[in-house]
S.K.: 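Here you go, one structure.
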Amino acid sequence: MASDIEHEKRLAAEAAATMVDPGSVVGLGTGSTTAYLIPALARRGLDAIFVATSPATAAAATALGLDVRPFHGIDRLDIAIDGADQVDDRGWLVKGGGGAHTREKIVAAAARRFVVIVSSDKLRRVVEGPVPLELADFGADATLRSLRALGEARRRDAPPTPDGGVLADLWPDTGTGLAPSELARQLDAEPGVVSHGLFPPAITAVVIVGTNDGVVHRAVTAPAV
Ligand code: DER
(Lines give C-alpha, C1' and ligand atoms only; values in the text may rest on other atoms or scores of the structure.)
Protein backbone atom coordinates (compact mmCIF):
# COMPACT_ATOMS: atom_id res chain seq x y z
CA MET A 1 0.00 0.00 0.00
CA ALA A 2 1.24 3.50 -0.86
CA SER A 3 2.57 5.58 2.04
CA ASP A 4 0.56 8.57 3.21
CA ILE A 5 2.99 10.91 1.50
CA GLU A 6 2.73 9.11 -1.83
CA HIS A 7 -1.06 9.11 -1.44
CA GLU A 8 -0.99 12.87 -0.80
CA LYS A 9 1.21 13.52 -3.85
CA ARG A 10 -1.15 11.50 -6.03
CA LEU A 11 -4.24 13.34 -4.73
CA ALA A 12 -2.67 16.75 -5.37
CA ALA A 13 -1.52 15.72 -8.86
CA GLU A 14 -4.90 14.28 -9.81
CA ALA A 15 -6.68 17.42 -8.63
CA ALA A 16 -4.36 19.55 -10.76
CA ALA A 17 -4.94 17.36 -13.81
CA THR A 18 -8.64 18.30 -13.72
CA MET A 19 -7.66 21.99 -14.09
CA VAL A 20 -6.30 21.53 -17.62
CA ASP A 21 -8.72 22.54 -20.37
CA PRO A 22 -8.82 20.87 -23.79
CA GLY A 23 -6.71 22.74 -26.35
CA SER A 24 -4.32 24.07 -23.69
CA VAL A 25 -0.58 24.47 -23.85
CA VAL A 26 0.64 22.90 -20.62
CA GLY A 27 3.98 23.07 -18.80
CA LEU A 28 4.97 19.89 -17.01
CA GLY A 29 7.31 19.99 -14.02
CA THR A 30 9.79 17.41 -12.86
CA GLY A 31 9.91 15.05 -9.90
CA SER A 32 8.01 12.40 -8.01
CA THR A 33 4.79 14.43 -7.66
CA THR A 34 4.72 15.27 -11.35
CA ALA A 35 5.14 11.54 -11.94
CA TYR A 36 1.53 11.16 -10.70
CA LEU A 37 0.34 14.05 -12.86
CA ILE A 38 1.44 12.59 -16.18
CA PRO A 39 -0.73 9.45 -16.06
CA ALA A 40 -3.66 11.48 -14.72
CA LEU A 41 -3.38 13.78 -17.75
CA ALA A 42 -2.95 10.83 -20.11
CA ARG A 43 -6.15 9.24 -18.76
CA ARG A 44 -8.07 12.39 -19.66
CA GLY A 45 -7.10 11.97 -23.33
CA LEU A 46 -7.04 15.74 -23.85
CA ASP A 47 -6.20 17.35 -27.13
CA ALA A 48 -3.41 19.47 -25.59
CA ILE A 49 0.23 20.35 -26.19
CA PHE A 50 2.83 19.79 -23.48
CA VAL A 51 6.20 21.39 -22.73
CA ALA A 52 8.46 19.37 -20.42
CA THR A 53 10.97 20.81 -17.95
CA SER A 54 13.37 17.84 -18.14
CA PRO A 55 14.29 14.96 -20.41
CA ALA A 56 12.87 12.55 -17.80
CA THR A 57 9.47 14.27 -17.84
CA ALA A 58 9.51 14.44 -21.65
CA ALA A 59 10.21 10.71 -21.86
CA ALA A 60 7.52 9.78 -19.32
CA ALA A 61 4.90 11.99 -20.98
CA THR A 62 5.73 10.82 -24.49
CA ALA A 63 5.57 7.18 -23.37
CA LEU A 64 1.99 7.76 -22.23
CA GLY A 65 0.99 9.38 -25.50
CA LEU A 66 1.07 13.07 -24.54
CA ASP A 67 2.00 15.44 -27.34
CA VAL A 68 5.30 16.87 -26.03
CA ARG A 69 6.80 19.73 -28.05
CA PRO A 70 10.11 21.57 -27.74
CA PHE A 71 9.90 24.95 -26.02
CA HIS A 72 10.60 26.82 -29.26
CA GLY A 73 8.03 28.86 -31.13
CA ILE A 74 5.73 28.78 -28.08
CA ASP A 75 5.71 32.07 -26.17
CA ARG A 76 2.91 31.49 -23.68
CA LEU A 77 1.62 28.53 -21.71
CA ASP A 78 -1.95 28.34 -20.46
CA ILE A 79 -1.01 26.46 -17.32
CA ALA A 80 2.08 24.88 -15.76
CA ILE A 81 1.96 22.29 -12.98
CA ASP A 82 4.92 21.27 -10.85
CA GLY A 83 5.97 20.00 -7.44
CA ALA A 84 8.11 21.83 -4.88
CA ASP A 85 10.56 20.92 -2.15
CA GLN A 86 9.13 23.49 0.28
CA VAL A 87 6.16 25.88 0.36
CA ASP A 88 5.96 28.47 3.10
CA ASP A 89 3.11 30.42 4.66
CA ARG A 90 3.63 33.42 2.38
CA GLY A 91 3.84 31.34 -0.78
CA TRP A 92 7.61 31.28 -1.27
CA LEU A 93 8.81 28.02 -2.79
CA VAL A 94 12.12 26.20 -2.72
CA LYS A 95 12.57 24.04 -5.80
CA GLY A 96 15.43 22.27 -7.51
CA GLY A 97 16.01 19.17 -5.43
CA GLY A 98 15.77 17.34 -8.75
CA GLY A 99 18.06 19.86 -10.44
CA ALA A 100 15.52 21.10 -12.99
CA HIS A 101 14.71 24.47 -11.41
CA THR A 102 16.08 26.65 -14.23
CA ARG A 103 13.72 25.19 -16.80
CA GLU A 104 10.97 24.92 -14.18
CA LYS A 105 11.22 28.63 -13.40
CA ILE A 106 11.19 29.59 -17.08
CA VAL A 107 8.11 27.44 -17.66
CA ALA A 108 6.35 28.70 -14.52
CA ALA A 109 6.99 32.33 -15.50
CA ALA A 110 5.65 31.72 -19.01
CA ALA A 111 2.37 30.28 -17.75
CA ARG A 112 -0.86 32.19 -17.20
CA ARG A 113 -1.43 29.96 -14.14
CA PHE A 114 1.32 28.17 -12.26
CA VAL A 115 -0.11 25.41 -10.09
CA VAL A 116 2.05 23.83 -7.40
CA ILE A 117 1.28 20.30 -6.21
CA VAL A 118 2.70 19.07 -2.91
CA SER A 119 2.21 16.57 -0.13
CA SER A 120 1.69 18.04 3.34
CA ASP A 121 5.29 17.36 4.45
CA LYS A 122 6.45 20.15 2.09
CA LEU A 123 4.77 22.89 4.12
CA ARG A 124 6.94 25.25 6.20
CA ARG A 125 6.33 28.41 8.17
CA VAL A 126 9.34 30.01 6.41
CA VAL A 127 11.40 28.34 3.66
CA GLU A 128 14.79 26.94 4.77
CA GLY A 129 18.10 26.04 3.17
CA PRO A 130 19.55 24.39 1.27
CA VAL A 131 18.70 26.48 -1.76
CA PRO A 132 19.46 24.66 -5.03
CA LEU A 133 21.51 26.58 -7.58
CA GLU A 134 22.45 26.16 -11.20
CA LEU A 135 25.79 27.82 -11.99
CA ALA A 136 27.40 28.59 -15.31
CA ASP A 137 30.14 26.02 -15.89
CA PHE A 138 32.48 28.85 -16.87
CA GLY A 139 34.08 30.05 -13.65
CA ALA A 140 31.94 27.80 -11.42
CA ASP A 141 34.62 27.57 -8.72
CA ALA A 142 34.95 31.35 -8.59
CA THR A 143 31.17 31.65 -8.32
CA LEU A 144 31.13 29.13 -5.47
CA ARG A 145 33.85 31.09 -3.71
CA SER A 146 31.88 34.31 -4.03
CA LEU A 147 28.69 32.61 -2.82
CA ARG A 148 30.45 31.60 0.40
CA ALA A 149 29.87 35.18 1.57
CA LEU A 150 26.23 34.08 1.94
CA GLY A 151 26.80 30.72 3.59
CA GLU A 152 28.05 27.25 2.80
CA ALA A 153 27.96 26.69 -0.97
CA ARG A 154 28.75 23.25 -2.31
CA ARG A 155 28.85 21.73 -5.76
CA ARG A 156 26.33 18.89 -5.99
CA ASP A 157 27.52 15.42 -6.94
CA ALA A 158 25.36 15.39 -10.06
CA PRO A 159 25.84 15.43 -13.82
CA PRO A 160 25.61 18.73 -15.71
CA THR A 161 22.11 19.98 -16.43
CA PRO A 162 20.69 19.59 -19.97
CA ASP A 163 21.79 23.22 -20.50
CA GLY A 164 25.37 22.51 -19.41
CA GLY A 165 25.05 24.09 -15.97
CA VAL A 166 26.65 23.01 -12.70
CA LEU A 167 24.32 22.08 -9.85
CA ALA A 168 25.15 23.33 -6.37
CA ASP A 169 23.41 24.03 -3.05
CA LEU A 170 23.60 26.94 -0.63
CA TRP A 171 23.06 26.68 3.12
CA PRO A 172 22.60 30.35 4.04
CA ASP A 173 24.24 31.71 7.17
CA THR A 174 20.85 32.80 8.45
CA GLY A 175 20.31 29.30 9.90
CA THR A 176 16.79 28.00 9.71
CA GLY A 177 14.28 30.48 8.40
CA LEU A 178 15.49 32.59 5.47
CA ALA A 179 14.62 36.11 4.48
CA PRO A 180 13.82 34.78 1.02
CA SER A 181 13.32 38.05 -0.83
CA GLU A 182 16.71 39.39 0.31
CA LEU A 183 18.49 36.13 -0.44
CA ALA A 184 16.83 35.92 -3.87
CA ARG A 185 17.99 39.47 -4.59
CA GLN A 186 21.58 38.60 -3.65
CA LEU A 187 21.56 35.44 -5.74
CA ASP A 188 20.05 37.27 -8.72
CA ALA A 189 22.96 39.73 -8.50
CA GLU A 190 25.62 37.00 -8.67
CA PRO A 191 26.83 36.84 -12.30
CA GLY A 192 27.67 33.12 -12.33
CA VAL A 193 24.33 32.00 -10.91
CA VAL A 194 22.14 30.90 -13.82
CA SER A 195 19.20 30.41 -11.50
CA HIS A 196 18.28 29.60 -7.92
CA GLY A 197 15.51 27.54 -6.42
CA LEU A 198 13.70 30.37 -4.61
CA PHE A 199 10.41 31.03 -6.41
CA PRO A 200 8.56 34.19 -5.25
CA PRO A 201 4.87 34.12 -4.34
CA ALA A 202 4.02 36.27 -7.35
CA ILE A 203 4.81 33.42 -9.73
CA THR A 204 2.27 30.98 -8.27
CA ALA A 205 -1.51 31.06 -8.71
CA VAL A 206 -2.45 28.21 -6.42
CA VAL A 207 -0.85 25.53 -4.26
CA ILE A 208 -2.70 22.22 -4.08
CA VAL A 209 -1.79 20.34 -0.93
CA GLY A 210 -2.60 16.66 -0.68
CA THR A 211 -3.67 15.57 2.78
CA ASN A 212 -4.90 12.32 4.21
CA ASP A 213 -8.43 13.64 3.99
CA GLY A 214 -8.30 15.06 0.47
CA VAL A 215 -6.87 18.18 -1.12
CA VAL A 216 -6.64 21.78 0.05
CA HIS A 217 -6.36 24.59 -2.51
CA ARG A 218 -4.35 27.58 -1.23
CA ALA A 219 -4.56 30.70 -3.37
CA VAL A 220 -1.25 32.58 -3.30
CA THR A 221 -1.84 36.28 -2.94
CA ALA A 222 1.07 37.36 -0.74
CA PRO A 223 3.30 40.12 -2.14
CA ALA A 224 6.79 39.05 -3.21
CA VAL A 225 8.54 40.74 -0.27
O1 DER B 1 13.43 19.59 -8.31
C2 DER B 1 12.37 20.15 -8.37
O3 DER B 1 12.27 21.36 -8.53
C4 DER B 1 11.14 19.35 -8.17
O5 DER B 1 10.06 19.90 -8.89
C6 DER B 1 10.85 19.36 -6.72
O7 DER B 1 10.72 20.67 -6.36
C8 DER B 1 9.67 18.50 -6.38
O9 DER B 1 10.04 17.19 -6.44
P10 DER B 1 9.18 16.03 -5.81
O11 DER B 1 7.82 16.10 -6.42
O12 DER B 1 9.93 14.79 -6.18
O13 DER B 1 9.16 16.23 -4.32
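Each ligand, and each atom within it, is numbered from 1 in the order the structure gives.
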S.K.: Without swapping roles, check the side chain of S119 against the backbone of G210 for a donor-acceptor pair under 3.5 Å.
M.R.: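 Looks like no, no N/O pair under 3.5 Å.
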S.K.: Would V220 and I203 count as a side-chain contact (heavy atoms from CB on, under 4.5 Å) here? Give the steps.
M.R.: CA-CA 9 Å; V220 179; I203 210 168; over 6 Å; no
S.K.: In terms of residue, atom name and distance, what is the protein heavy atom nearest to atom 11 (O) of ligand 1?
M.R.: T33 OG1, 2.6 Å
S.K.: Look only at interatomic distance and state if K9 has a nitrogen or oxygen under 3.5 Å from any nitrogen or oxygen of ligand 1.
M.R.: no
S.K.: Name the closest protein heavy atom to atom 13 (O) of ligand 1, giving the residue it belongs to and the distance to 0.1 Å.
M.R.: K122 NZ, 2.6 Å
S.K.: Would you check the N or O atoms of D82, main chain and side chain alike, for any that come under 3.5 Å of an N or O of ligand 1?
M.R.: yes
S.K.: I'd like to know if the side chain of D67 reaches the main chain of I49, judged simply by a donor and an acceptor atom lying under 3.5 Å from each other, with no hydrogens or angles considered.
M.R.: no
S.K.: For atom 4 (C) of ligand 1, which of V118, T30, V94, D85 has the closest heavy atom?
M.R.: T30
S.K.: How would you list, by chain and number, every residue that makes a side chain to side chain contact (heavy atoms under 4.5 Å, CB included) with A63, sequence neighbours excluded?
M.R.: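 Listed in chain order: nothing, the list is empty.
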S.K.: Taking the side chain as everything from C-beta on, heavy atoms only, tell me whether L187 gets closer than 4.5 Å to L150.
M.R.: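 Yes, side chains in contact.
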S.K.: Would you mind running through ligand 1 and noting each atom that sits below 4.0 Å from a heavy atom of G98?
M.R.: 1 (O), 2 (C)
S.K.: Suppose we measure from atom 12 (O) of ligand 1 to each protein heavy atom; which comes out shortest, and what is that distance?
M.R.: S32 OG, 2.5 Å
S.K.: For ligand 1, indicate whether the residue H101 contacts it via side chain, backbone, both or neither (heavy-atom separation under 4.0 Å).
M.R.: neither
S.K.: For atom 2 (C) of ligand 1, tell me which residue out of G31, G96, S119 has the closest non-hydrogen atom.
M.R.: G96
S.K.: Is the closest heavy-atom distance from G97 to ligand 1 below 4.0 Å?
M.R.: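 Yes; G97 lies near enough to ligand 1 that a heavy-atom distance drops under 4.0 Å.
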S.K.: Would you say CZ of R124 has more than 12 non-hydrogen atoms from neighbouring residues, nucleotides or ligands within 6.0 angstrom?
M.R.: yes
S.K.: Please lay out, stage by stage, how V51 and V26 fare under the test side-chain contact (heavy atoms from CB on, under 4.5 Å).
M.R.: CA-CA 6 Å; V51 169; V26 185; over 6 Å; no
S.K.: Any idea which atoms of ligand 1 are less than 4.0 Å away from a heavy-atom of E104?
M.R.: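 That gives atoms 2 (C), 3 (O), 4 (C), 5 (O) of ligand 1.
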S.K.: Between L170 and H196, is any pair of side-chain heavy atoms under 4.5 Å apart?
M.R.: no
